[in-house]
Peer 1: 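This is the structure I want to talk about, given as structure tokens.
Within every chain, numbering begins at 1; the chains are lettered A, B, ... in the order of the sequence lines, protein sequences first and strands thereafter. All of these numbers come straight from a predicted model, not from anything done at the bench.
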Amino acid sequence: MIRIECPWCGPRSEAEFTCGGQSHIVRPADPAAVSDREWAQYLYQRDNPKGLHYERWRHTFGCRQWFNVARDTVTHEIRAVYRMTDLKPAPGGEGV
Amino acid sequence: MAKLDRATPLAGTGLERAGLCVAENTGLGLIRLQAFHRRPGAVEELTARLGIEPPGPGSLRSERDRQWFWSAPGEWLIAIPAGTEDAVLGALRAQLDGLFVVLSAITDSQVALDITGEAVREVLARGSTVDFHPASFGAGNCVLTRFAGVPVMLASPGRGEQILLFADRSLARYLLDWFEAASIDC
Amino acid sequence: MKRTAQRLPHARVDPGKTLRFRFDGRTYEGVAGDSLASALLANGVGVVGRSFKLHRPRGVFGCGKEEANALVQLESGGYSEPNARATLVPLYEGLEARGQNAWPNVRSDVFGALGVFKRLLPASFYYKTFMWPNWQRWEGLVRRLAGLGIAPTSADPQKYLKQNVHADVVVVGAGRSGLEAALATSRDPACRVLLIDEQEEPGGGLLASPAAADRSWLEEALREVAARDNITLLCRTTVNGYYDNNVLAALERLSNHHGPAAGGAVRERFWRIFAGRVVLATGAIERPLVFPNNDRPGIMLASAVREYCHRYGLTLGERIVFYTNNDSAWRTALELVDAGVPVVAIIDLRPAVESELRQRAREAGIALHLGTVVTDTRGRSGLRRLVLHRLAGPGDALEAPAGTLDCDVLAMSGGWTPTVHLYSQSGGLLAYRDSDACFVPERAHQAVTAVGRANGEFAAPLNLQPQWLTPGVSAEHQWVDFQYDVTASDIQLAARENFVSVEHVKRYTTNGMSVDQGKTSNVNGLGILALATGRPIPEVGTTRFRPPYHPTSLGAYAGIELGALYTPFQQLPAHAAHVAAGALFEDYGAWQRPACYPRPGEEEEAAMAREARAVRSAVGLLDYSPLGKLEVRGPDAREFLNRMYLNNIRTLEVGAARYGLMLNEAGIVIDDGVVVCLARDHFLLHTTSGGATTIHQHLEEWLQCEWTDLEVIVGNATTQWATLMLSGPKARAVLAQLDGDIDVSREAFGHMQYREGRLLGQPCRILRASFTGEVSFEISVPANCGLSLWEALMQAGEPHGIVPFGIETLMLLRTEKGYPHVGADTDGNTMPQDLGWGGAVANKPDDFVGRRSLSQPVGSDPGRFQFTGLELLEADARTVSGAHILTADGESTAGYVTSAFHSPNLNRTVALGIVADARDRQGEEVTVFYAGQRQRARLIKPGVYDPAGEALNG
Amino acid sequence: MEKYSGFNLLKHALTGHRRWPRSWRSPEPKPRYDVVIIGGGGHGLATAYYLAKEQGITNVAVLEKGWLGGGNTGRNTAVSRSNYFYPESTRFFEHSLKRFETMGRDLNYNIMFSQVGLLNLAFSRHELEIFRRWATAIQVQGVDCQVMSRDEIAAAVPLLNMSPHARYRVYGGFMQRRGGISRHDAVAWAYARAADNLGVDIIQNCEVTGLEVGDGRIRGVKTSRGAIRTDKVGMAVAGHSTAVAAMAGIKLPIVSQCLQAMVSEPVKPCFDHVVMSPMVHCYVSQSDRGELVIGGGADTHPSYGQRGNLPTTEAVLNAVVEMYPTFSRLKLMRQWGGIVDIAPDSSPIVSKTPVTGFYISTGWGTGGYKAIPAGGETLAHTIAHDRPHPLVEPFSLDRFAQGRLVDEGAAAGVAH
């Protein structure tokens, strides 16, 4: 079971959260200007790493806030939790 | 008929067992205060205007006949005597005039349950994975959690072992039924 | 197997308190403190079960979780439990059990004859045959023979609870090591310790020890545990799963020791344990030795014989013989002699054994056969005689016959297997220790440590000499997995056929896949595979341990969330009124809402027709409270909504309302509703009923994750307000009767307008939108007044013939009008152009969520399914939502009927659908297909009732 | 290859089964192959078999980093069905189902395919409408599909909770009689034995560590057992697709998640069909051994953790007991997880790639097992002809750039 430290509410079980998938995906500034392929990549292309994954979660059953999590997709260890507006921590970086 | 009657979700019904009592609290009026917390200084501004520091995550604060419960970043639930919503809203609006905050009366959207009895913490621990040991959930604490599969706020205002539960009014009957099933051995 | 008349004096049972029970139709007596297994043994019952595949007679062989033979069908009716381990069933008065997988009973099972054909049924023989004509012809027979117990056929009368608990330290196992660990860690009073033991009482291995010192130590330790209030002791509780982040799952058996007498009480409690640190003191399980016909009743684990003697006071046999490859069995034998149990001989395959042990054994009058192996066993339903051979050397061929030895119980010990299941589940690595021929914890992955025998720390050295199977004799009848009838020859066959991965062997032979999940068979199987493939055991590896450690009731995983509580339900503010009005409630996205209000004896469709006619001719009232009401405020609210909606929100004036469509980023329509501009920076969004939470989250996600700079606050006011839809030509007249300050006259309050004011002394919001096509007022008052407003309107409407109407009636009415319902008349491919909103997209100057996807090639594909009305050509024809529209050649699908009702107002079927290129094909005839029937229909403009829309303002 | 038959079983019985030959060889990798298949699961082995059998390409290696059939092939609930919504899907899976029907004899290996019938249940008025649409879609495709009433369902599944007071009431459903279950391991072993017999080298414990790509084409494969030269590589590595494709510099629209399955203790026959339901989410069947085989939804977060997750186990079993109250006292015996690769539209990707000679079969999501025969056959064809097999043209990698997704869920809320 994944235990996530909500930046506001503290450690909770995964059942309280919603996983929003990969984070730090940048929406094209001018969608009309990008090609179909680029737009498809924005919509569908995902890193899907075996190991450290930067993803976003929402504490759906708590404060309803989205935040970022750096999680190992094999061991489910959480390496870092940081807010949507924070920068991506370096791999191996400790909790924010 | 001249006026509409008010009827709370459970119309006062509840649950009584040797070790657990669940009773609808119909005496509370509720106001939600939302500030735009992403703007730096927004919360500080608010605090300055209010003259009191609203409680932080996981806690509640009593001030005169108002109880403040933290419910999200920049968002609080304010419990007041039922019926005084308009007066309090007016006062707060005046106090916070000019700030970008949203004040709403949400009394009717919620059901409030008083949960008492020696089995309270044991039964709560059947509905949520939060640690309800007094050492981590004591007087002055409030948590928003997934309880019995639905979002609720649980608060320990400090009156003995009494726990206050807030949930959406539409879930009131479900929650009461759940408590009945979950406390079968109490 | 010998009947024990007198229990031994030092036993932990109460001979004074007898308990009557039945097994396979016969009545027996046991005593308080017995397990079903010990009680059966006390009564000399030898055969208690039949093996899975060959139906071999089997007796009790262990004393706990490792038991592979004594599986019984416990009780009957709702209390029936298949595959209950007799060794784990505490005896209670009136217990009723039956042997399994046998007919008529386990004593004389006609299928026992299968044993004769063993030769024909090697591992996985079924893969090699039964191919003609096909497997199913043979399957019936095979299925009937397989399976063990019988699944209950009546509902479980008992309850299950789930309990979460947090602890700083969790100690699994309350034997000596566990108790020591719990007492040590609990010295810090702030440290919350949870001590868990699976047996009826704490003590673990100590319970089977005759030593006075052990017993007094246990008493003292338990006193101390009781005295520490930071220790919680859970007995009858088995830790079954070790998951990520130190989360454990355990099952507490609350009332199984009372049997059906417990009635509807809570049977089991499922614990979710959140641990800081975990100490595994789970002990070790003894291994059987592998030799010909080692599965005969009377052949047991030495540790089991020990426990039945010292804990349950049973003598078990007249002539007990030990067979071992290590020292532990010798000590057991000596203890038994001290207790007055007749141990006649010890057979040890080791040529040399420590002299002190030999000395003491001889003094105890035990005959010794060293360097000797058992090469066969004799007896009919029980054990009578052993055939012995001398061993040339370790693991070597046989030398000479060493005669036979009469005995009725054989206590065997092939060494010990530390119980590392949970350690392995936690991700910890295991290492093979040659000296003791067992796997021990090597490196932890989580905050967990193993102690005592679970960590391979044995009280005294075992001096073990492994022998994975008996050499020099056929492997065909040397059992490895007793339950699934896997023998050494099966594993050799697998290796011969090049199934050399341990996982392959497990799957090919089913070794270790039986109910005990290989607790006694895995390591022996590995050893045999290692020999067969000429590899050292560590190279062969071990299979992964998976939860649950011990089989766990499905009911316990379900807990109380069954029936009405299976998933949360939501109730409307005026729920009581709907019940009183005889509503037919159905589930609409968790909301309990009236589908319609059938009168006694009235069919559903008739009720809908009656309600629909009333709305068209007079007035109807619908509880519309789930209608989403989101309030969006802030300096950037207008900009934000303009990015979220396809429609132009920039130009929406204060006080005005506008229908809006919302897309997801892939361009798919996800919601529609009326947007009201309450103030320059304040908007009220009406979302589809039940969509409020989803859309609220959708908006929040864009604000929190993408446009964090936009100063907007979203509030969900959906349940703060009860919303009632008053609809019909008389609606205005009814509403006008209620005392309020909003002028509802035609002139003052037009269609698609919004007003706030007071009604009957309460704040109120009224929106004039219409989903029925009639004059409609969507009246919102504080939710606590919803019931009262319902009653007020019904009362005021009575002279006008008001009726309550339900969702399905609303769907009928809006279908007559051709109003699309997002989710019903759209699917996950529907884009705005398919609903006729292509123009609006083109005219909007700004970007909005999903816009770019509309211009991907798919957006302009020919054959897109587009929203349309459908007219069945035969006047009285019917169709249903779900019917398909076929292509011209009638070969494939060109769309579907998405809404279809019989219109009581037009007295014909009204239908909507999404059909390929429907917008350019209006007037064309198409074929409707459902249930093999084909019908002709025409594509028409949606909305056949009041096409001019006069009723809207009527 | 010695034929498997009742007669030969008898014959070998006389010699105590001491003369059975190896099911397949354990060859050393050769320096060069015409085609290298990465992944020794059902799909990889089937691809190799059909390359040899139907495309006449026998100089083929299957590289498996562990033991053959050890991935999702050995971790699923062994269901085969073709009751899909879109013609593209139905055509493909119907072809696969037909292969299952004759696989035992075709490969001379009893995979125990048992057409017990697959029943889908609807639990609400809306779901029933969707089910009508779905069932009709199947019928339009000419695939067997029988719409069933409440009473018919009650008769077919006596243990099903038919209470009118159930939280979710059974409204109706439909059955594909030809759907069924089989022995998953046997399918892998059957293809392995048959492929090996045609000369395919199945190399276990051989991990691919890199792909050699030169000016846009595949040159070879680097493995833990040395380099192998080849012009064509087929990838069938559910749970590792992203990583292996990355070796060729290709990014996939794939997310990997953990899908759980579990079995109860064995009991005598009590459950005759495969019963699934999207709303009360679980599916149940009974194996020949007597175990109830249970599956549910995948964890919602990306995962490579090949193990069961407690919340999912609880949710699935909660659904099982709600639907079959009498199973309450049965016991869960074993639970495990497999890693499934899911595409944005939950449909497979069997396709050529921007790298010449590199062909992928991925995105099987939770439906990979039933696709093994057709997946192998179409990938083999695509590799041999460097042109997609007609059955998989709709499932190309570039459909996403056009927005032309094949999303069963979008059309009918149908879970794969």
Peer 1: Tell me, please, which residues at least two apart from C:E139 pass side chain to side chain donor-acceptor pair (under 3.5 Å).
Peer 2: D:S114
Peer 1: With the threshold set at 4.0 Å, does a side-chain nitrogen-carboxylate oxygen contact exist between D:R193 and C:E497?
Peer 2: no
Peer 1: Strictly below 4.0 Å, N to O, side chains only: are C:E503 and D:R75 in salt-bridge contact?
Peer 2: no
Peer 1: Counting C-beta onward and ignoring hydrogens, is there a side-chain heavy-atom pair between C:T898 and D:R133 closer than 4.5 Å?
Peer 2: yes
Peer 1: Any idea which heavy atoms bring D:K331 and C:P551 closest together, and the distance?
Peer 2: CB-CB, 3.7 Å
Peer 1: With only heavy atoms counted, which part of C:A151 is less than 4.5 Å from chain D, the side chain, the backbone, both or neither?
Peer 2: both
Peer 1: Give the minimum heavy-atom separation between C:M513 and D:M333, together with the two atoms involved.
Peer 2: O-CE, 3.7 Å
Peer 1: Tell me yes or no: between the side chains of D:N108 and C:K128, is some donor less than 3.5 Å from an acceptor?
Peer 2: no
Peer 1: At a heavy-atom separation under 4.5 Å, does C:F569 approach chain D through its side chain, its backbone, both, or neither?
Peer 2: both
Peer 1: Would you kindly say whether C:D156 and D:T326 are connected by a side-chain donor-acceptor distance under 3.5 Å?
Peer 2: no
Peer 1: What is the minimum heavy-atom distance between C:R143 and D:F271, and which atoms define it?
Peer 2: NH2-O, 3.4 Å
Peer 1: Closest heavy-atom contact between C:S881 and D:E129?
Peer 2: OG-OE1, 3.4 Å
Peer 1: Can you find a side-chain donor-acceptor pair between C:Q492 and D:R18 that sits under 3.5 Å?
Peer 2: no
Peer 1: Have C:Q425 and D:R307 got a donor and an acceptor in their side chains that come within less than 3.5 Å?
Peer 2: no
Peer 1: Is the shortest side-chain N to carboxylate O distance from D:R125 to C:D587 below 4.0 Å?
Peer 2: no
Peer 1: Measure C:E808 against the heavy atoms of chain D and call it side chain, backbone, both or neither at under 4.5 Å.
Peer 2: side chain
Peer 1: Please find the pair of heavy atoms, one from C:Y930 and one from D:R132, that lie closest to each other, and give the distance.
Peer 2: OH-CD, 3.1 Å
Peer 1: At a heavy-atom separation under 4.5 Å, does D:A137 approach chain C through its side chain, its backbone, both, or neither?
Peer 2: both
Peer 1: Can you tell me which portion of C:K162 sits under 4.5 Å from chain D's heavy atoms? Options are side chain, backbone, both or neither.
Peer 2: side chain
Peer 1: Would you say the side chains of C:W132 and D:N110 form a donor-acceptor pair under 3.5 Å?
Peer 2: no
Peer 1: Are any of the side-chain heavy atoms of D:L10 and C:L120 separated by less than 4.5 Å?
Peer 2: yes
Peer 1: So D:E265 and C:R85, salt bridge (charged side-chain N to carboxylate O under 4.0 Å, His left out) or not? Walk me through it.
Peer 2: CA-CA 12 Å; D:E265 291 184 346; C:R85 286 26 158 215; 3.0 Å; yes
Peer 1: Main chain of C:A495, side chain of D:R22: is a donor-acceptor contact present, judged purely on distance under 3.5 Å?
Peer 2: no
Peer 1: Ignoring hydrogens and geometry, is there a side-chain-to-backbone donor-acceptor pair from D:H17 to C:R119 under 3.5 Å?
Peer 2: yes
Peer 1: Which bit of C:Y243 comes within less than 4.5 Å of chain D, counting heavy atoms only: side chain, backbone, both or neither?
Peer 2: side chain
Peer 1: Report yes or no: do D:Y168 and C:T567 form a side-chain donor-acceptor pair below 3.5 Å?
Peer 2: yes
Peer 1: Taking the six-membered ring for Trp, is the centroid-to-centroid distance between C:F499 and D:W24 below 6.0 Å?
Peer 2: yes
Peer 1: Is C:E586 salt-bridged to D:R169, going by a charged N under 4.0 Å from an acidic O?
Peer 2: no
Peer 1: Who pairs with D:Y109 by ring-ring contact (aromatic ring centres under 6.0 Å, His included), at least two apart in sequence or on another chain?
Peer 2: C:Y127, D:Y4
Peer 1: Which bit of D:V280 is near chain C, if near means a heavy-atom gap under 4.5 Å: side chain, backbone, both or neither?
Peer 2: both
Peer 1: Give me the atom names and distance for the closest heavy-atom approach of C:I150 to D:K268.
Peer 2: CG1-CG, 4.2 Å
Peer 1: Tell me, for D:H12 versus chain C, whether the close heavy atoms (under 4.5 Å) come from the side chain, the backbone, both or neither.
Peer 2: neither
Peer 1: Out of C:A155, C:G890, C:P82, which one racks up the most heavy-atom pairs below 4.5 Å with chain D?
Peer 2: C:P82
Peer 1: Quick one: what part of C:L145 sits under 4.5 Å from any heavy atom of chain D, side chain, backbone, both or neither?
Peer 2: backbone
Peer 1: For residues C:V500 and D:S26, determine if any side-chain heavy atom of one lies less than 4.5 Å from a side-chain heavy atom of the other.
Peer 2: no
Peer 1: Between D:P21 and chain C, which part of the residue has a heavy atom less than 4.5 Å away: side chain, backbone, both or neither?
Peer 2: backbone
Peer 1: At a heavy-atom distance under 4.5 Å, which candidate from C:R496, C:Q856, C:E81 has the highest pair count against chain D?
Peer 2: C:R496
Peer 1: Does any backbone or side-chain atom of D:Y171 lie under 4.5 Å from a heavy atom of chain C? Answer side chain, backbone, both or neither.
Peer 2: side chain
Peer 1: Hey, is the main chain of D:P266 close enough, under 3.5 Å, to the side chain of C:N83 for a donor-acceptor pair?
Peer 2: yes
Peer 1: Is there side-chain contact between C:Y557 and D:N318, with heavy atoms separated by less than 4.5 Å?
Peer 2: no
Peer 1: Would C:Y896 and D:W134 satisfy ring-ring contact (aromatic ring centres under 6.0 Å, His included), going step by step from the backbone distance to the final call?
Peer 2: CA-CA 10 Å; C:Y896 337 108; D:W134 183 8; over 10 Å; no
Peer 1: May I ask you to test the C:V858-D:Q402 pair for a side-chain heavy-atom distance under 4.5 Å?
Peer 2: no
Peer 1: Please check if atom CZ in D:R25 has more than 12 non-hydrogen atoms from other residues, nucleotides or ligands closer than 6.0 Å.
Peer 2: yes
Peer 1: By a 4.5 Å heavy-atom criterion (distance strictly below it), what part of D:Q115 contacts chain C: side chain, backbone, both, or neither?
Peer 2: both
Peer 1: Side-chain contact, heavy-atom cut-off 4.5 Å: C:S553 with D:R329?
Peer 2: no
Peer 1: For D:F113, is it the side chain, the backbone, both, or neither that has a heavy atom closer than 4.5 Å to a heavy atom of chain C?
Peer 2: backbone
